[in-house]
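Taking it in order: structure first as structure tokens, then the write-up.
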Amino acid sequence: MYIRKDSKRFLLLLVLAYLFSVLCRFYWVFWASSFDEFFFNDELMIVSNDGYAFAEGARDMIAGFHQENDLSYYGSSLSSLTYIFYKMLPFSFESIILYMSVFLSSLLVLPIMLIAREYNMINSGFLAALLASIANSYYNRTMAGYYDTDMLAIVLPCFILFFMIRLILKKDLYSLLLLPFFTMFYLWYYPSSYTLIVALIGLFFIYTLLYHRKESLMYMAVIFMLVSISSFAFYYELCIVAILFAFFVLKNEYFKPKIIAFLVFLSLLFLLLSGGLDPILYQLNFYIFRSDASSSLAQGFAYFNVNLTIQEVGDIDLSVFMQRISASELAFIFSFIGLILLLKRHKSFILALPMLALGFLALRGGLRFTIYAIPVMALGFAFFYEYIKNYLKHLRLRAKELRLALISSLLGFLFFLLFSLIFGSVFFFELCVLFVFLFFIFYFLKNKKILNLVLICCAFYVSLFFAMKHIYEYKAPSVFTNTEAKTLDSLKDIASREDYVVAWWDYGYPIRYYSDVKTLADGGKHLGKDNFFPSFILSKDQISAANMARLSVEYTEQNFKSPYPDILQAMMKDYNQSNELLFFNDISKKSFALKTEKSRDVYIYMPERMSDIFSTVASFSNIDLKTGEINTPFFFSSAYVLGRNGADIVLSNGISVSSDFTRVNINGKESFINTFVELVSIKDSIYNIRKIDENSNIYMFFINPSSFLIMDKTMFNSSYVQMFYLNNYDKDLFELVINDANSKVFRIKR
């Protein structure tokens, strides 16, 4: 068997890159281990909210069952992988979900270095692997505790890209066979990858027509990949690929151009007829055009558009965009230049453009997409380094030119140092240090050993220094604290598996994981029509909240058996109301008679942390359902003390308060406060109320030691504020079953 001469060096660098990636991710473990509130069941808790969905699915797979209509991710890809690891490895379930991302995401170094080796740039490929493995965006979404599908979402397409490039360069059957298997596995693991896979296949097909139109091997690769993303069951796809591969190898003479053209046409036709464009159109609609299907007027009601409230699908700043992809603006610029040079040298790398385009989509579709551009740009950075190294290797400057270069470098250093001091810009500081490196590069131009060392230091500074600085500064907390997790874990002993807990969608997955109950909304079910009900229950008065909680739960269960076009419309129809405002008025009365039979208990989860987002929570139900716009403006804001401005206290939300807590200045308009509430103990309901101006619409809460809540009368009367902060709840409607400083859980008696 042929073994490449560079195999030992390649393996050594590969192992070093992998260990580097793993060790960098262990920094968070080291930091978080000093905080007891991040531990549960003697292990650190995960930092990914959506991770609890897969954790619930894996837990149910280990148990061997789950409840009907509980929305469990039972059998999902990541849950299945976790289940396999749990059965194979001698570690606790909590440890597995904590560290899976550390070891699986670090596999990204393998396809990057394999691609680099195909282009004969192993050393600089090592640099690309190091940078890509800890680039800001990729690290954020694959750090220790970030238990989510992102851990392999970039690794797998990079393998597909590698086998495409290898097939073009080596034309080997090994790549032809593995290409559809990785495509199939990627689509199973990450169904949202369908659009990217189609783009990769489409570009590979175009590339084949342009440069390899007479090579049947390339067309067979296209056919295999199209089969692998079809709507067949995976075992049928495997059989089709295996049979076609065997015939192609053993009976190659039958694969004439007409036969291959027919097979390609047949594969494309089947893909289109089986709805091959639907996933692409849906993702374009959601991320690019920012349309929420639940807000369509055609459905009767225009609900609040959820993707306007999600940071991950919002526009991002150009500087942040560059830093998230390449760790620094300078590294991004060098990477982009290197990418152009790489494409010029190796045209097969054109196949990486769909990943790059998807990464650049972040400028419109949100920061979550930046991770797709990271490996492509990292290879561009590596090639830029390789290009500069080779250029300097053959550069010969005369004494006069060398002196001019040294003087220019020093002047550049002084110029950008001045700018960095004046503007406080990190980018100017980066340039300042870079010109120091330039000075040493020209100074040691004739000493190749020292020159190479300076170049390596320069490359590491521009890329890895800022990436590692980001790792040190990015100290993400666990999703829940130990107290919050214990609260939900104790609820498991109170509620049954068929009971519902009403909470905002952010907490849906963790609630289901710790409490083993059902929820109305979660990270995967939070369109405007889904979020309307939790929002209504939390932000309206207590009678409306109790009635809507019962109705929404019962109708949600009925919806599983006999789906409604719209649950709210179904309620109104059954209660003989055609106007939503009249219906809401009806359910705000204690005399409202529920026609729906009670089938289970309903609980309401109210955490203190929700105060930070309560304004957003309330937005989903305080709208005109005919237009989707907020009909009655309301105000709720949480803040902490920044300092003083004369006699006023300045808060973090831009509001200032008089030192005697009687007046507040909002957007330059000063007004008296209606009521000032000093909360001493939320758990024990100890607070002091001071009435100031009954005609004012502004209420203020002071929470020791330095937190404030400012709200209008509508929010003050909401069930969340009254029940959680003031413990003022209707004993006929609710029962307080769990009470602590961080969260409260109420059971609805209706």
Side-chain angles (χ1 to χ4, degrees), residues 304-320 323 366-367 423-426 473-477 504 506 535 538-539 607-623 629-679 682 687-718 720-721 724-726:
F304 197 77
N305 193 343
V306 63
N307 54 16
L308 298 178
T309 69
I310 303 175
Q311 182 189 16
E312 288 187 342
V313 298
D315 297 340
I316 62 174
D317 179 72
L318 180 61
S319 179
V320 174
Q323 291 171 11
L367 55 83
F423 297 105
S425 170
V426 175
E473 295 173 347
Y474 190 76
K475 296 178 171 66
W504 192 237
D506 288 31
S535 171
L538 293 164
S539 65
E608 192 276 333
R609 65 167 63 224
M610 191 169 66
S611 63
D612 294 333
I613 60 169
F614 190 59
S615 180
T616 299
V617 171
S619 298
F620 280 79
S621 58
N622 285 274
I623 60 172
E629 303 293 332
I630 293 177
N631 51 6
T632 306
F634 61 91
F635 182 79
F636 185 98
S637 182
S638 62
Y640 55 87
V641 176
L642 282 182
R644 283 185 173 272
N645 181 16
D648 293 340
I649 299 170
V650 180
L651 305 181
S652 59
N653 56 2
I655 294 173
S656 58
V657 186
S658 63
S659 56
D660 60 356
F661 301 116
T662 60
R663 287 169 289 108
V664 63
N665 189 306
I666 303 175
N667 296 326
K669 183 179 179 182
E670 187 174 74
S671 59
F672 281 97
I673 297 170
N674 182 305
T675 303
F676 180 79
V677 181
E678 181 183 6
L679 291 163
I682 295 174
Y687 50 85
N688 302 310
I689 294 183
R690 178 158 57 106
K691 295 281 187 179
I692 299 169
D693 182 0
E694 63 180 13
N695 295 319
S696 174
N697 192 41
I698 302 297
Y699 294 74
M700 177 174 285
F701 285 21
F702 172 65
I703 309 170
N704 284 324
S706 60
S707 297
F708 287 85
L709 296 177
I710 303 99
M711 66 199 80
D712 61 12
K713 188 173 183 178
T714 302
M715 293 296 99
F716 177 75
N717 290 326
S718 67
Y720 173 62
V721 171
F724 177 76
Y725 286 103
L726 303 179

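Here the structure is a predicted model, which is why all the values come from computation and not from measurement.
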Tyr720 and Tyr725 aromatic centres sub-6.0 Å
yes
Nearest-0.5 Å distance, CD1 of residue Ile655 to CG of residue Asn665
9.0 Å
So Ile710 and Val657, do their side chains get closer than 4.5 Å, heavy atoms only?
no
Look at the aromatic rings of Phe661 and Phe708 and report parallel, tilted or perpendicular, splitting at 30° and 60°.
tilted
So which atom in Phe672 and which in Ile692 form the shortest heavy-atom distance, rounded to 0.1 Å?
CD2-CG2, 4.3 Å
Working to the nearest 0.5 Å, report the span between CG of Asn674 and CZ of Arg690.
12.0 Å
Any side-chain heavy-atom pair from Ile698 and Ser671 closer than 4.5 angstrom?
yes
Does Ser619 reach the main-chain N or O of Ser615 with its side chain, forming a donor-acceptor pair under 3.5 Å?
yes
Can you tell me if CD on Glu694 sees more than 12 non-hydrogen neighbours from other groups inside 6.0 Å?
no
Met610 side chain reached by Leu538 side chain, heavy atoms, under 4.5 Å
yes
Between the CD1 atom in Ile682 and the CZ atom in Phe724, the distance rounded to the nearest 0.5 Å is 4.5 Å
Asp712 backbone acceptor or donor facing Asn697 side chain under 3.5 Å:
no
Run the side chain to side chain contact (heavy atoms under 4.5 Å, CB included) test on Val641 and Leu651 for me, step by step, so that the C-alpha distance in whole Å, both residues' side-chain angles and the decisive distance to 0.1 Å come before the verdict.
CA-CA 5 Å; Val641 176; Leu651 305 181; 4.1 Å; yes
Val721 and Met715 have their tightest heavy-atom pair at CG2-O, 3.2 Å
Ignoring hydrogens and angles, state whether a donor on the side chain of Ser611 or Ser638 is under 3.5 Å from an acceptor on the partner side chain.
no
Would a 4.5 Å heavy-atom cut-off, applied to side chains only, mark Phe701 and Leu726 as touching?
yes
Is there a donor-acceptor pair under 3.5 Å between the side chain of Ser539 and the backbone N or O of Ser718?
no
Determine, step by step, whether Ile649 and Arg644 satisfy the side chain to side chain contact (heavy atoms under 4.5 Å, CB included) criterion, reporting the C-alpha distance in whole Å, the side-chain angles of both residues, the deciding distance to 0.1 Å, and the verdict.
CA-CA 5 Å; Ile649 299 170; Arg644 283 185 173 272; 3.9 Å; yes
Nearest 0.5 Å, please: how far is CZ in Phe676 from CD1 in Ile689?
11.5 Å
Student check: side-chain heavy atoms of Phe636 and Val617 closer than 4.5 Å
no
For the atom pair CG (Asp648) and CD (Glu670), what is the distance rounded to the nearest 0.5 Å?
7.0 Å
What residues, two or more places apart in sequence or in another chain, satisfy side chain to side chain contact (heavy atoms under 4.5 Å, CB included) together with Asn688?
Glu678, Val680
Quick one: CG on Leu709 to CZ on Phe614, what's the gap to the nearest 0.5 Å?
10.5 Å
Residues in ring-ring contact (aromatic ring centres under 6.0 Å, His included) with Phe634, at least two apart?
none
